[in-house]
Each structure stands twice: as C-alpha cells, then as structure tokens.
Amino acid sequence: MSQIKLCPHCLSTMPETAQVCPFCGRNMKNENPRGTLPYGTILAGRYTVGDFLSNDGEGVVYQAVDNHGPVRVTIKEYLPVTLAEERDETGALKPKAGNEVLYKTTRMDFVDLYKELMKITPSTGLETVLDVVETNNTAYAVLENPGGMPLSEYLALKKTHILPAEARSMLQPVFEGVAAMHQAGLIHRGICPDNIRVLENGKARLTGYATLGLRTLGSSLHAQLYEGYSAPEQYAKAEFEGRYTDAYALAAVFYRMVTGQAPVSAAQRRVADSNPSARSLDASLPAWLSEVLDQALQLSPERRIQTVTILMSSLNSPTAAQAIRRDSKQGKRTRYQLMGILGALLIGVCVLIIMGFWSMMKVGGQNPSSTPDSQPEPTATVPPTEYIPDFIGMTYAQIQASGQYAGKFRFYLQEEYSDTVPAKEIIRQDPMPNEEIVTDAQRTITLVISRGPENVIVPKIVGATQDAAITELQNRGLKARCVVQANDGSYAVGCVVKTDPAAGESVEPDSEVVIYIAAEAHLPVNNEEQVSMIEATPQPTPTPQPTATPAAD
C-alpha cells in the first residue's frame, strides 16, 4: 500500500515518485544538508518532511506537513552532533563508538521531555507538541507551526522601546505557559527573544524546547546558551538549576523590551557585575519596575525572585513590587543578623577557651585540698529569633502535610479569582513573609488562595487524540462530551475535528465542551450521535456501528 505524499509547499496530494509538484510546479529535489532527512521523506507514514530549517547541538528542525490534516508542522529530530555519526543505508542514526550508552540515555531524555510537554499543550503561551515518533534509532518531536515572527525580529523592526504595559500584555501568555511547565516539573532554560514568537494578534508564544544538556555548559552535548538571557548557573555543570533560572531569563527579556538593550552576559557579570539598572537606560521607567528587574536578575539564585508567578505579579503591581523589596531588605537584615550572631559566638568561644585555660593554671597553683568559695551563676538562655514563613506559591494542602507549622501558627483562609496564579496556590499572605515575630497576634496568618481564572479559555485541542483532549479539558476544570463525526478520509481517526464552544472562547469553570471525534473513514455515522459523557476519566473511543441508535440528550 502506497503512502500519501503531500507537497510541502501547496499541500496538494502528489505521486510518491514525483520530482516536481504537478500543482504548484515547485521542485522536490533534495537540497537538505548531508546527514539530515532527505526532502520528501515520509515519516511514520504520516508526515512529509520538507526543508531543513535549523540545527543546534541537540538536533535538526525541518519544515513538514501532516498528511492527515493537511496542515503545516515543524519536526525536530534528535541528532546530537557530539554523540551521533552518519546514518546507515536504512536511514537509522549510528552513535559514535564509545558513546552508545550516553546516546541512548540522552535520546530517552529527549523523548521524555516532549511526551511531558504533550500533556500540558495545547496551553496558553506554549508551542504545542502534537506527536512524538521513535524510529530510525532516534526520535522526532512534531510541533505546531505557530506562525508570526521571532520577538528578536519584531524588536529589530521597532524604532522605539516597548512600553511596560505593552510588554506585560505581550508576554503574559508566555509567563502563564512557563508557570504551567514549572507546575509539571519542567524547566525551559532557553527563554530569549529568538525562542519567543509574536503572533498576528500581538500575543507571544514560547518555542525552543530542549533537554538539560543543550542548555548547560560542560554537558555531553554542544551547549546552546543565549548571551544576556541564560542565567549564571547555566554556565557551570555543577550548579543546580531551578524555576528561578527561567525567572532570570524572563526578566532579561522584559528588560530588553523596555530598555532596548539586553542585559550584560551572566558569564561576564560573574567576573565584574556591571549590568546597568533599567532606569539608568530609560529614565521614564518607574523606579519600582527597575528595582523588580534588578531583583530578578540577581546573580545569586537564592537572592533572586524565585518564581515566574511572583515575577509577573511584581511587574504588574507597585504594591507587589514593594513587598518584594521589603522581603529583600528583610533578607539582608537577616543575613547581617546571622553574621553578627556567628561573630559573637566565635568571640564567646574564644573567651571561654581563654578562661578555661586560665582556670586550669590557677587550679594548678592552688592547694589541691582547697575548694572554691562560690559556684558560677547559670547563664540565661536567649530564645532564638523567629520569622514569618513564606507560604506564597504553596498550597494549603502542602502546609498541612509538612506538619512543621502545626501548633505554631493559626491560619485564616480567603479565596479570590486569579488569571495568573494556578488554582489552590497561595497568592499572598498577611503578615508578609520574613517579618520578625514579636507578638502572638502575628501567629494568626491570613492566606489568600487562588480559585484560578474566573472564566476558563477553551484550549486548542483540534488534532489531539480523544484521551489527550479530555485530559486537557479536565486540567482546565471543564467537562467533555464526545460526539462521533462522519469522516470522508479527511480527518485522522480518533482525533478531535472541532469543539463547541470553539478554542479561544471564554466559558465558566465546570462548563461542558463538546468534542467531535473523527470516525473510521467512510463509515456512515449520524453527525449528532452522542457517544459518551465523560467527566472524570478518559475513555477509549468506541467503534461506531452503522445501525446504532442515537443516545438521548
């Protein structure tokens, strides 16, 4: 059985052996670099590979077409230049001698990353991962083609700086997408203007996913770091990376947008930190905004703003920024206090040693039968200083599970809607974190907990499998009802054809979304046949029967 081949240029079906598209006249001659997939390769019986687009130390990116759509996609092939040799006669990649085990483990990291991304995309602000294919002794990630232009190109075309309000609006989907990655335990590590695309609606979307090895200097891969945007800890393999790594990069992107200049490279700053404040580059910027960016771009991770959620709220609100500044000053005072305590302890230890030595000398010079006239008075014990813990970003369930706060603090819970903080996470607290506890009243802490967005945006799930679509809707707090859609062969069997309401529409939480699932090709099906109401657990797509009676609504 021959495979469907589409022209990557006009998406027309064409003979598998054709060298020129009979519809648009474009040449199908392979001009992709040696070692990459030839132009026109049909991958997994579904995707027609087009032009080579780019490469990095981890792999190669191609323009491609999903023949089942037909829609344009991009495909990233895992092809690490430091670990792989050329292909054999079947097209399979061969690892370099001595690197077989490392090649296999890093390939598994690649597969795991993109499979995890499939679970959280389609998602606001993130490039959607559509499929992961394992063949040719390597792996391929199939991604949507979001369109638009790179933020770096967009900024180059602008004659003036971006106003803070415009930058916040443009980047908000990216902030939300990175927060979703962090909630899933993923870190991007490559956030920069080259990996952010500005769409026609003016909103931005994050691309450029990669494994840890590509974004850390000194790994087994040829590292790809971005000067001015990669965090300091990425320049040393031994240093730990976390959510604050992406917070640094997002702050650097915002800094570039509002000042017109990228921050000084972190590698250079570690030698001599000369990065100018945002306000010194543009005096019209608010002082509080400049201070937030300074805090987020700290070289030391522990002194940096820790999460993108806190960073986003601080860039939006002078009040939140003031809290960050207060926490920073409190942190400095705490460090100075600790240094003072340690210094005092060191002096005390030295005094005790001297006194002990002096006492032994006096005892040695006295009559052994003599006894001291009095005993030393007991030293008073000074209770340790306590501070209010930082609960922001945690859930109340995590506070209860830890057990360390039981009996020490009393909690008063409030809820409010939030478009930026995930549901159940703590938005703010009163008293603020790191305040010194001087009265018992401070042990009663008010926690404001996010209820998530007041309205939910229907996600883009067209083309996803039934299970993936249901899971995505459930993650958004929505219900799914599956309906079979007649299929003349234009749709991928078992995948979502359309939704009602459509993607991008705003609905109330717990609303029902009808998803239309493509039936077997050419099987006569009543378009309005309801297959199942699924509210909690994804179910397999049932095989439609021609004689089935439509279920009652």
Side-chain angles (χ1 to χ4, degrees), residues 4 43-47 65-71 73 111-112 114-124 126-134 140-145 180 184 456-505 507 509-553:
I4 298 174
L43 185 64
R46 175 169 181 172
Y47 305 104
V65 173
D66 180 355
N67 301 338
H68 290 184
V71 293
V73 295
V111 171
D112 290 344
Y114 283 96
K115 285 187 174 180
E116 287 299 313
L117 285 166
M118 279 186 70
K119 296 177 183 178
I120 63 172
T121 58
S123 179
T124 301
L126 296 178
E127 180 183 31
T128 301
V129 179
L130 303 171
D131 197 3
V132 177
V133 176
E134 296 184 71
Y140 302 85
V142 182
L143 305 119
E144 70 167 335
N145 189 339
V456 182
I457 302 300
V458 177
K460 178 184 174 184
I461 53 176
V462 172
T465 63
Q466 177 178 334
D467 285 356
I470 293 169
T471 300
E472 176 62 23
L473 290 175
Q474 291 171 349
N475 289 341
R476 302 292 183 95
L478 300 172
K479 296 177 182 177
R481 178 160 66 93
C482 299
V483 174
V484 171
Q485 169 73 44
N487 188 0
D488 61 359
S490 301
Y491 307 119
V493 177
C495 292
V496 179
V497 175
K498 63 179 179 179
T499 65
D500 184 19
E505 291 192 26
V507 298
D510 206 38
S511 295
E512 178 183 279
V513 176
V514 181
I515 56 177
Y516 293 83
I517 308 297
E520 295 289 341
H522 307 298
L523 192 62
V525 178
N526 182 347
N527 284 356
E528 298 302 321
E529 179 178 7
Q530 178 179 325
V531 178
S532 59
M533 170 73 76
I534 304 172
E535 298 185 3
T537 306
Q539 302 291 331
T541 305
T543 303
Q545 302 296 327
T547 58
T549 302
D553 289 332

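Side-chain contact annotation: T465 with D467, donor-acceptor N/O pair under 3.5 Å absent.
The shortest side-chain heavy-atom distance between T121 and L143 does not fall under the 4.5 Å cut-off. Between L473 and T499, the closest side-chain pair of non-hydrogen atoms is not below 4.5 Å. At a threshold of 4.5 Å between non-hydrogen side-chain atoms, the residues I517 and V496 count as touching. Contact of the V142 side chain with the Y114 side chain is not registered, since no non-hydrogen atoms from C-beta on lie closer than 4.5 Å.
Considering OH of Y516 and CD of Q466, their distance stands at 14.0 Å, rounded to 0.5 Å. Atom NE2 of H68 is separated from atom CZ of R46 by 5.5 Å, given to the nearest 0.5 angstrom. The CG atom of L117 lies 11.0 Å from the CG atom of D112; values are rounded to the nearest 0.5 Å.
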I470 vs I515, side-chain contact (heavy atoms from CB on, under 4.5 Å): CA-CA, chis, key distance, verdict = CA-CA 9 Å; I470 293 169; I515 56 177; 4.0 Å; yes
Taking it one step at a time, do E520 and N487 satisfy side-chain contact (heavy atoms from CB on, under 4.5 Å)?
-> CA-CA 6 Å; E520 295 289 341; N487 188 0; over 6 Å; no
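By the ring pair (Phe, Tyr, Trp, His ring centres under 6.0 Å) test, Y47 is found to be paired with no residue, residues two or more places apart in sequence or in another chain being considered. With sequence neighbours left out, D131 forms a salt bridge (Lys or Arg N to Asp or Glu O under 4.0 Å) with no residue at all. Scored by the salt bridge (Lys or Arg N to Asp or Glu O under 4.0 Å) test, K498 finds no partners at all (sequence neighbours excluded). With sequence neighbours excluded, no residue forms a salt bridge (Lys or Arg N to Asp or Glu O under 4.0 Å) with E127. Residues satisfying the side-chain contact (heavy atoms from CB on, under 4.5 Å) criterion with S511, sequence neighbours excluded, are L478, V507, E508. Qualifying salt bridge (Lys or Arg N to Asp or Glu O under 4.0 Å) partners for E116, counting only residues two or more places apart in sequence or in other chains: K119.
In terms of heavy atoms, A518 sits closest to A492 at CB-O, 3.3 Å. The two residues P122 and P459 come nearest to each other via the heavy atoms O-CB, 4.4 Å. The shortest non-hydrogen separation linking A469 to I461 is CB-CD1, 3.8 Å. Residues V456 and R476 share a closest heavy-atom pair of CG1-O, 3.4 Å. Closest approach of A519 to V484, counting heavy atoms only: CB-CG1, 3.5 Å. Annotation for D66 and V73: closest pair N-CG2, 4.0 Å, computed over non-hydrogen atoms.
Side-chain atoms of E144 come within 3.5 Å of backbone N or O of T128 as a donor-acceptor pair.
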